[in-house]
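Reminder, nothing fancy here: chain letters follow the sequence lines and each chain counts from 1. What you see is a predicted model, and the numbers here were worked out from it, not measured in a lab.
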Amino acid sequence: MLQVAYLRNHKDEAIALLAKRNIDASEMVNMAIALDEDRRAIQTELDAIKSEANKISKDIGGLYKSGEIEKANQLKTRSAKLKESTKILENDLNTKKQDLAELLYKIPNVPNTIVPAGNTEDDNEEIFRKGDVPKLSETALPHWELAKKYDIIDFDLGNKITGSGFPVYKGQGAKLQRALITYFLDKNTAAGYTEYQLPHLVNEASGFGTGQLPDKEGQMYHVTADNLYLIPTAEVPATNMFRDTLLNERDMPIKVTGYTPCFRREAGSYGAHVRGLNRLHQFDKVEILRVEHPENSYKALDEMVEHVKGILDELKLPYRILRLCGGDLGFTSALTYDFEVYSTAQRRWLEISSVSNFETFQANRLKLRFKNNEGKNEFCHTLNGSSLALPRVLAGLLENYQTDNGIKVPDVLVPYTGFDRIS
RNA sequence: GGAGAAAUGGCAGAGUGGUCGAAUGCACCAGUCUUGAAAACUGGCGAGGGUCACACCUCCGGGGGUUCGAAUCCCUCUUUCUCCGCCA
């Protein structure tokens, strides 16, 4: 969430930049500032009363020691009265605090100045494109047909066991999946990211820390018996490792990578765009995450983008990079680059990675700070990205590498799969 | 699942009703010494709110209670450790 102090000091800037998301935030921002002022006024009043009560308590202690019981009892009466008035003020204060917090949860992150204005994904700005789209024969198939033809993914079996969106990978398909995960992790660790194995269920505090709660509760699977949530991305457990943390400046940068399955309810998504591997309820993803000094976070974002480019170059997949417009930008992000791989048979781009800088938006919720050189505590910047999301990479591989004689395995993956062709 | 013990500043660890926001050690910061570093010595050093700055307020796992006054007593929840049971 945004810091009230920022809104107070940069009100016009915040409203102007939030307008890139096609929202008029002026009312919310003004309300937040007003609530904060109310809060402080009540706090001041309450503090004065408490101060007096504290003083009386100390005096009573002294009076008891010197045996002046009568005087002490008089002060007790006064103290009881003060206590009554604090109760009312405390209630007011808590109400204001809660109202302010709830309002702040509703305000999305302020977009970076270079975020293009725009409404939909059509307004995203393509900043890079690489790789040739292969000329496929007339008989070229979409990945779900290929999966069936070579018997490597069984969607029906997943339907039977669980429901739609839970595919079963089989034989060479399962092996290729495992190969990709290992390959991605190897690339990430080679780039200095430390590998973690993280829990796949998280508690409420963690969901809240990264911003899935309270806004997107409906998108997560909720295990009500234990009040835990299945993770929609490794971002949630990985980022929450740093909840309530005070770092030293030299501890940064922190670079984390981890593989996890991801679970998403995807309520309300149907139709052709969710066929095959395009949109699943359970999928695998390797994530990279960084905790950075505010001054370095945009350099770190560029590094992450370059890193993901390197992987796609090695896989020799046609891809492009988009700078997301305000309307398409995630709630918590200040700047996001999406990577899309071209699905030749579907003739459309599939998002396979999203690399974002959250600046202090998550750190504020997480209370993730560092002690700067002046000894003051400052919020860190957090960033994360996929490196990479498996199903759509797999879709891209199957479709782009299909031949009349099976599906070729990219050279870089052969050491991991142990075979160079799916047939 | 049952029984017991515990949870204190970045970390370790004292503190069982009244100058305790909290001893001490480590870590950290500044200085002295040194060519430089280490060591040693001197000083500083929890967090949040508030203020121009002070004052002041809050915080000893979370929540509630007793009391004029709670880190300290009571209730409750959570987590950790030990023992027992069960189990991949």
Check every strand shown and say whether [X] touches a base, only sugar-phosphate, or nothing at a heavy-atom separation below 4.0 Å.
| X | answer |
| --- | --- |
| A:Lys83 | base |
| A:Asn377 | sugar-phosphate |
| A:Ser57 | base |
| A:Thr44 | nothing |
| A:Asn54 | sugar-phosphate |
| A:Arg78 | nothing |

**Message:** So that I know where these two stand, are A:Phe331 and A:Tyr105 an aromatic pair - ring centroids less than 6.0 Å apart?
**Reply:** no

Using Watson-Crick or G-U wobble geometry with both distances below 3.5 Å, tell me the partner of [N], or none.
| N | answer |
| --- | --- |
| B:rU67 | none |
| B:rU42 | B:rA30 |
| B:rU19 | none |
| B:rA55 | none |
| B:rA6 | B:rU79 |

**Item:** First encountered from the 5' end of RNA chain B, between A:Arg369 and A:Lys76
**Value:** A:Arg369

Residues in side chain to side chain donor-acceptor pair (under 3.5 Å) contact with [X], at least two apart in sequence or another chain:
| X | result |
| --- | --- |
| A:Gln177 | A:Asp284 |
| A:Asp186 | A:Tyr416 |
| A:Glu204 | A:Asn227 |

**Complete:** chain A vs RNA chain B, heavy-atom contacts under 4.0 Å, first-to-last nucleotide span, 5' to 3', is B:rG18 to B:rG69

**Request:** State which residues pass salt bridge (Lys or Arg N to Asp or Glu O under 4.0 Å) with A:Asp38; sequence neighbours excluded, sorted by chain then number.
**Result:**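 Testing A:Asp38 for salt bridge (Lys or Arg N to Asp or Glu O under 4.0 Å), a comparison that skips the adjacent residues, returns A:Lys96.
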
**Asked** For A:Gly118, does its backbone N or O pair with a side-chain atom of A:Asn22 as donor and acceptor, under 3.5 Å?
**Response**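 The answer is yes, because a donor-acceptor pair under 3.5 Å joins these two groups.
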
**Residue pairs involving residues 366-401 of chain A (criterion ring-ring contact (aromatic ring centres under 6.0 Å, His included); sequence neighbours excluded)** = A:His293-A:Phe370

